Amino acid sequence: MRRRNQRRRTNTKLEMLGKKFPNIYSLAGGKGKRLFTESLTGKESFPEETLIRMNGKVFREWEPERSKLAAAIMKDISQIGIREGMNVLYLGAAHGYTVSFISDIIRTGMIFAVEKAPQVVRELILVSAERKNVAPVLADAQDFEELGRRVPLVDFVYQDIAQQNQTEIFTRSCRAFLKPGHFGMLAVKARSIDVSRKPKEIFNEVRRTLERELVVVDYRYLDPFEKDHCLFVCKKRN
Amino acid sequence: MKYAVKHYAGILLLTRKDEGREISFDIEGVLAPPAGKSPESSDWLSWIALKESELKKEGIKVLDAGRILAMEENADAVDLAVVKKALEEAGNAEHLGVLRRINFYLTLESMRNFAVDDQMVIQAVAMHEELAKVCNRLSSRLREWVYWSLPEARMVPDNRVLSELVSKKRPEELSGELIGRMKSVDVSIKPFGARPVMWSSIQKSAQKILELYELRDSIEKEIESLMENCCPNLKEVAGALIGAKLLSHAGSLKRLCSMPASTIQLLGAEKALFRHLTTGARCPKHGLIIQHPLIASAGKNRGKASRMLADKIALAARIDYFKGGFRGKQLRKELEEKLR
């Protein structure tokens, strides 16, 4: 069971999270921080989402247990680099949970959501059908020839794929698709790089690899939301 | 997959060849519902019909919403990469919308091709495994229940036979029959005077359980015929059910055929393998393939046998994926000779 089922509040107050986090809101008061974005569709996108209605707008709750990006924001990452109007390349979109929130944030931009497993693309297509800024791409993130044909240059690259060579895939896609001076974000799952080594060692190594090409702006371990995960925010050099 | 962008009768279409005919998508949204109309409304359907007749005059046939069969032969084709580049240079939101629609239709189209045999096998195997679990749990529950009225039921060790007997017979005759099966019983004492409690519910449950067993059987038969269709070699070497389980573990025939034999040997023994890797415990010899009769009969040579079997399974899977004809009998014969 999800914790909070469709509880609709009327007299709650949402506040902007800050200048570095445009279009992301947090709930004032109460215990702990809860994240919200304004729904682009005016309704929920996934079953059992918590909605808040305020001033005629509908806000959806963004759960850090389900989205690594939300988890990183909860752990006070310094910035995420996603702004309204940006075009985003999202590698490893899965069902489209995080995709739907990035779609809420960028609003007029476009997300190219790449996923290779047809089983989850079934749901990703539904997300895309009701959001005009999500383009589903059924392709392997490692298949650069195919991606090159289907994805344009973008302002932001987000990658969350559990592959052994995920760091390499990320640097390659930043090289190919990211505009210089723009941000990229990499969610690393230590367990899929090497199960037998310590996660911290792996994260350090990933960081060194990333710094060869990119500037690592910030990183956060995602405990307690995700075990042995780390999220890196990088900037491509000009 | 080869696709290109073409102009047909003034409409920009994304086309690709599909079994000789050309299927296209309307990427500018000519066939999209007009503003304010939902795709489910009858207005939209009549609107599509109107568009359809307009397009027919131009020599274009609408298959279903957004899919078009283009008849015209000599339309000017452009490579998708070129279109993408042009769109990128133009750079405004509308063009990104076109790029989105291209991706949408390409994704939809490849989704259609994914509901193929190996995926059906995988779904069926998952159902089969789940049913086996449920059958076992339910019948041990039934057994527990029956024992109160009919302790003699212990004489029937097989769950399925027991549910069959219970569903068909009255408790008195069942009791007599079962006591008859026991050796040297002092009938004059009649130790198990059956006093059936809630027998009709017991009987109904037994019937349902029996039905579940039958469902499992029919799914198993279905799996066999599916396997015969999509991977005959794998079926011959590994057996239908084990082959299907390997498929479901690997995720698809494509992935199974790209696995090395040593991986196939340990499919299903991941826990033991990771224990071996992290703590240095002993390495597992076999995963799913332990259920194979050749390994069960190999005795002390199980490690060797499972390695050989995995080799042949890997070969068979590759023959099946690349549609290389039927060599299963030969593979199996080689294996049996080696293991003799």
Side-chain angles (χ1 to χ4, degrees), chain A residues 84-90 93 96 99 103 106-140 143-155 176-177 179 191-192 194-199, chain B residues 1-5 14 27 29 32 38-39 65-66 79-116 118-119 122-123 126 251-252 254-255 270-271 273-280:
Chain A
E84 195 165 324
M86 276 188 165
N87 297 329
V88 178
L89 173 61
Y90 193 121
V99 168
S103 146
I106 61 167
R107 308 195 87 79
T108 53
M110 181 74 71
I111 310 176
F112 292 83
V114 181
E115 173 60 48
K116 75 166 178 183
Q119 276 171 344
V120 289
V121 172
R122 283 185 303 206
E123 284 168 62
L124 183 61
I125 279 193
L126 297 181
V127 171
S128 165
E130 60 178 18
R131 286 168 183 274
K132 291 223 159 124
N133 59 5
V134 179
V137 182
L138 178 61
D140 192 336
D143 187 353
F144 271 63
E145 215 178 295
E146 176 76 8
L147 280 190
R149 255 176 291 174
R150 295 171 65 169
V151 174
L153 266 188
V154 293
D155 310 292
F177 298 111
K179 289 178 190 163
R191 291 287 173 230
S192 64
D194 195 334
V195 274
S196 57
R197 280 165 58 204
K198 279 187 183 153
Chain B
M1 203 198 297
K2 281 203 167 176
Y3 32 78
V5 177
L14 176 74
I27 46 180
S38 88
D79 188 13
L80 188 57
V82 179
V83 173
K84 198 207 85 186
K85 209 170 166 211
L87 292 176
E88 226 168 80
E89 276 158 14
N92 64 34
E94 204 177 307
H95 283 93
L96 275 174
V98 174
L99 201 52
R100 165 175 175 266
R101 236 180 255 126
I102 290 179
N103 275 314
F104 198 94
Y105 288 133
L106 283 176
T107 302
L108 265 188
E109 187 66 4
S110 34
M111 290 296 291
R112 280 177 222 265
N113 300 331
F114 268 111
V116 282
D118 59 340
Q119 291 304 317
I122 288 165
Q123 291 300 323
S252 69
K254 188 181 170 193
R255 287 183 66 178
E270 283 80 5
K271 203 174 157 196
L273 176 67
F274 288 132
R275 200 193 312 125
H276 163 65
L277 288 177
T278 46
T279 70

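Small disclaimer: the values here were computed from a predicted structure and weren't measured. Order of the sequence lines sets the chain letters (A, B, ...), proteins ahead of strands, with each chain counted from 1.
Pairs of residues two or more places apart, or lying in two chains, that qualify as side-chain hydrogen bond (donor to acceptor under 3.5 Å, both in side chains) and include a residue from residues 124-134 of chain A are A:Lys43-A:Glu130, A:Ser45-A:Arg131, A:Ser103-A:Arg131, A:Ser103-A:Asn133, A:Asp104-A:Arg131.
For A:Phe112, there are no ring-ring contact (aromatic ring centres under 6.0 Å, His included) partners at least two apart in sequence or on another chain.
Considering every non-hydrogen atom in both B:Thr107 and A:Leu138, the closest pair reads OG1-N, 3.2 Å. Scanning both residues, B:Arg100 and A:Val134, for their nearest heavy atoms gives NE-O, 2.8 Å. Nearest heavy-atom pair across B:Thr278 and A:Val195 is CG2-O, 4.2 Å.
Contact annotation for A:Arg197: neither backbone nor side-chain heavy atoms come within less than 4.5 Å of a heavy atom of chain B. For chain A, the nearby parts of B:Phe104 are the backbone and the side chain; heavy atoms of each come within less than 4.5 Å. Using a 4.5 Å cut-off between heavy atoms, A:Ala129 contacts chain B through both its backbone and its side chain.
One finds the CG atom of B:Leu106 at 7.5 Å from the CD atom of A:Glu146 (value rounded to the nearest 0.5 Å).
Annotation for A:Gln119: atom CD does not count as buried by contact number, only 12 or fewer foreign heavy atoms lying within 6.0 Å.
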